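Every chain is numbered from 1 and lettered A, B, ... according to where its sequence line falls, protein lines coming before strand lines. As the structure is a computational prediction, the values presented were derived from the model and not from experiment.
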Number of protein chains: 2
Amino acid sequence: MNQQVQPGAAIEETLRVVGDRWSILLVRAGLRGIRRFDDFCDDLGIARPVLTERLRRLVKFGIFERVKYQDKPVRYEYRLTEAGLALSPALVALVRWSEEYSQEVSSETTLVHAPCGTELEQAFWCRSCQTTFGPHAVKGVGVNGES
Amino acid sequence: MNQQVQPGAAIEETLRVVGDRWSILLVRAGLRGIRRFDDFCDDLGIARPVLTERLRRLVKFGIFERVKYQDKPVRYEYRLTEAGLALSPALVALVRWSEEYSQEVSSETTLVHAPCGTELEQAFWCRSCQTTFGPHAVKGVGVNGES
DNA sequence: GAGACTGAGTTCGAAATCCGAACTCAGTAG
DNA sequence: CTACTGAGTTCGGATTTCGAACTCAGTCTC
C-alpha cells in the first residue's frame with residue numbers, strides 16, 4: 001500500500017522494463033547487429049523461455065520491433081527501434097563505468113570517438129552556458145520547483 | 001561450454017552487480033541523500049531481506065561503504081563511494097531516456113545544470129577534437145584493434 | 001526499572017522467476 | 001522419406017523474491 005509517485009519515478013518505470021539482467025544485454029546485442037532468436041540465445045546464453053518473454057516485453061515497450069524477414073516459412077527477427085537505439089548513452093555510460101571501476105575484468109575494449117580514435121569522455125552539456133560539466137553540477141527540478 | 005570473453009564483456013560483469021531491479025534504484029536513492037537501512041526500505045519499498053543482501057553486495061563491489069555513524073547503539077549507514085557516484089552518468093542517461101521515451105509516466109522531474117537551471121543534454125566529449133558528439137560517432141576498439 | 005520505541009537486521013513459508021533439456025511445428029533440402 | 005532449421009513452447013526442478021513477523025541492543029519516558 002504505497003506506490004505514490006516519487007520524484008523521478010520515471011526511472012522506476014524504466015527499470016521495470018529494462019532493469020533485469022538480460023534486457024540491457026539484449027539491447028547491446030541488438031546494437032551489435034544481432035537480430036534472430038537463436039542468435040540472441042547463443043550470444044547471451046539466455047534460456048529460451050526467458051528470451052521469449054523478454055523479447056515480447058521489449059517489443060511491447062517499443063524497444064524492439066518484430067519484423068517478418070521471410071515468408072515461406074514465416075520468420076521474424078527483432079530490430080531495435082529508435083527508442084531502443086536511444087538507450088545507447090546509458091549503455092555507453094555503463095561500459096565506461098565498468099572500464100574504470102569494475103575489478104577483475106580486463107577491459108579488452110575501449111570506446112573511442114570514431115573520426116579521430118581518441119578515447120571518449122562522457123559529459124553533460126549545457127546549451128546556455130556552452131560548457132560541459134560533471135555529475136556534481138546536476139540537479140533535479142520538479143514541476144513545483146522542489147530540489 | 002560458454003563464457004568465452006566477448007568484446008565488451010566488462011558490461012556483463014557490471015550488470016551482474018548492478019543489473020537487477022534494485023541496485024540502480026539504491027544508487028539513485030544514495031544520490032538523493034538516503035543513507036539508512038530503514039530509509040532505503042521505506043523509500044523504495046524493497047523487501048528487507050533483499051535490501052540486506054543487495055547492500056552487502058554493493059558494499060562488496062565498492063559502490064557503497066558501510067560507515068558507523070553512532071556508537072551507543074552501534075549503527076551503520078551506507079554511503080556511496082566514488083565508484084558509486086561515478087554511476088551517475090548511467091543514471092542520468094536512464095532518466096533522460098525515460099523522460100523522452102517512457103510512455104505512461106508523467107515525468108515530473110527534469111535534470112538541469114545546477115548553476116543556470118538549463119535542462120541538460122548528455123553528450124560524449126572528445127578531448128582531441130574539442131567537440132561533443134552523439135552515439136553514432138562512438139566506436140569500440142579492442143586491444144588488437146578489432147572493430 | 002517496566003514498558004514502549006528504534007534502527008538494523010534475520011527467519012520463515014508462499015509465490016514468482018530462472019534454468020536446461022526436450023518437444024512442437026512449418027517449411028526446406030536431399 | 002528422412003534430416004535439418006528457426007522460432008518458439010512445455011516441463012520439472014532450483015533459485016530469488018516477497019511480505020510479515022521476529023530478534024536484539026540500546027534508549028526514552030515515567
Side-chain angles (χ1 to χ4, degrees), chain A residues 1-4 12-13 15-30 32-61 63-80, chain B residues 1-4 12-13 15-30 32-61 63-80:
Chain A
M1 344 306 185
N2 44 34
Q3 278 333 53
Q4 58 187 87
E12 280 202 11
E13 166 62 15
L15 288 174
R16 210 177 315 286
V17 181
V18 131
D20 62 299
R21 196 155 76 273
W22 296 116
S23 298
I24 298 223
L25 257 17
L26 287 172
V27 172
R28 204 187 102 84
R32 293 222 311 289
I34 290 176
R35 312 233 147 116
R36 318 249 272 251
F37 192 92
D38 278 14
D39 292 342
F40 283 111
C41 213
D42 296 350
D43 189 63
L44 303 182
I46 185 176
R48 284 160 163 283
V50 181
L51 178 57
T52 301
E53 193 272 335
R54 214 63 5 144
L55 284 172
R56 225 187 283 289
R57 194 147 53 95
L58 291 172
V59 166
K60 175 168 144 210
F61 284 94
I63 290 165
F64 279 94
E65 55 184 340
R66 191 162 178 264
V67 181
K68 191 196 298 176
Y69 73 91
Q70 171 181 298
D71 263 322
K72 324 308 304 308
V74 187
R75 290 288 140 79
Y76 297 92
E77 63 181 13
Y78 296 87
R79 298 202 195 147
L80 285 172
Chain B
M1 43 293 283
N2 47 32
Q3 277 336 56
Q4 57 189 81
E12 279 203 12
E13 165 62 16
L15 288 174
R16 211 178 313 287
V17 180
V18 131
D20 62 299
R21 196 153 77 272
W22 297 116
S23 298
I24 298 222
L25 257 16
L26 287 171
V27 171
R28 204 188 103 85
R32 294 222 312 287
I34 290 176
R35 312 232 146 116
R36 318 250 271 252
F37 191 91
D38 278 14
D39 292 341
F40 283 112
C41 216
D42 296 349
D43 189 64
L44 303 183
I46 184 175
R48 284 159 164 283
V50 181
L51 177 57
T52 303
E53 193 272 335
R54 214 61 8 140
L55 283 173
R56 226 188 284 289
R57 193 146 55 94
L58 291 172
V59 166
K60 176 169 144 211
F61 283 96
I63 290 166
F64 278 94
E65 56 185 340
R66 192 163 179 263
V67 181
K68 193 197 295 178
Y69 73 91
Q70 169 181 299
D71 263 322
K72 326 307 304 309
V74 186
R75 292 286 141 81
Y76 298 91
E77 62 180 15
Y78 297 87
R79 297 202 195 147
L80 284 172

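- Here A:Arg21 does not reach the OP1 or OP2 of D:dT16: none of its side-chain N or O atoms lies under 4.0 Å away.
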Please walk me through it: do B:Asp39 and B:Arg32 pass salt bridge (Lys or Arg N to Asp or Glu O under 4.0 Å)?
CA-CA 11 Å; B:Asp39 292 341; B:Arg32 294 222 312 287; over 6 Å; no
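- To the nearest angstrom, C1' of D:dA7 lies 11 Å from CZ of A:Arg36.
- Residue B:Lys72 places at least one side-chain N or O under 4.0 Å from the OP1 or OP2 atom of D:dT27.
- Nucleotide C:dC18 holds its P atom 10 Å from the CH2 atom of A:Trp22, rounded to whole Å.
- Of the candidate nucleotides C:dG9, D:dG8, C:dG20, D:dG8 has the atom nearest to the side chain of A:Arg56.
- Here D:dG8 presents its P atom at 13 Å from CD of A:Glu53, a figure rounded to the nearest Å.
- For B:Arg54 and D:dC18, the CZ to P distance is 8 Å, given to the nearest whole Å.
- Checking C:dT28, D:dC11, D:dA20 against the side-chain heavy atoms of A:Pro49 singles out D:dC11 as nearest.
- Here D:dA7 presents its P atom at 14 Å from CZ of A:Phe64, a figure rounded to the nearest Å.
- When each of A:Ala47 and A:Gln70 is assigned the nucleotide of DNA chain C with its nearest heavy atom, A:Ala47 is the one assigned upstream, toward the 5' end.
- The closest side-chain donor-acceptor pair between A:Tyr78 and A:Arg66 falls under 3.5 angstrom.
- When distances are taken from the side chain of A:Pro73 to each of C:dT28, D:dT9, C:dC19, the shortest belongs to C:dT28.
- A:Arg79 and A:Glu77 are joined by a salt bridge, as a carboxylate oxygen and a charged side-chain nitrogen come within less than 4.0 angstrom of each other.
- Remark on DNA chain D: of its neighbouring residues A:Arg35 and B:Asp20, the 5'-side contact belongs to A:Arg35, judged by nearest-heavy-atom nucleotide.
- Of the possible donor and acceptor atoms, one in the side chain of A:Thr52 sits under 3.5 Å from a partner among the backbone N and O of A:Arg48.
- Across all strands shown, A:Phe40 has no heavy atoms under 4.0 Å from either base or sugar-phosphate atoms.
- Between A:Leu26 and the options A:Ile34, A:Val18, A:Leu44, A:Asp43, a side-chain contact (heavy atoms from CB on, under 4.5 Å) holds for only A:Leu44.
- For A:Phe37, taking side-chain heavy atoms from C-beta onward, the closest of the listed nucleotides D:dA7, D:dG19, D:dT17 is D:dA7.
- Between A:Tyr78 and D:dG6, a side-chain N or O to OP1/OP2 separation shorter than 4.0 Å is absent.
- At whole-Å resolution of the value, CG in A:Leu51 and P in D:dG8 are 9 Å apart.
- Regarding A:Ile34, its CD1 atom lies at a distance of 16 Å from the C1' atom of D:dA7, rounded to whole Å.
- Distances were taken from every side-chain heavy atom of A:Arg75 (C-beta onward) to each of C:dG7, D:dG6, C:dT10; the shortest belongs to D:dG6.
- A donor-acceptor contact closer than 3.5 angstrom links the side chains of B:Arg36 and B:Tyr69.
- Annotation: of the two residues near DNA chain C, A:Arg48 and B:Arg66, the 5′-most nearest-nucleotide partner is B:Arg66.
- As a whole-Å value, the separation of A:Lys68 NZ from C:dG27 P is 12 Å.
- The side chain of A:Asp38 lies closest to D:dA7, out of D:dG8, C:dT11, D:dA7.
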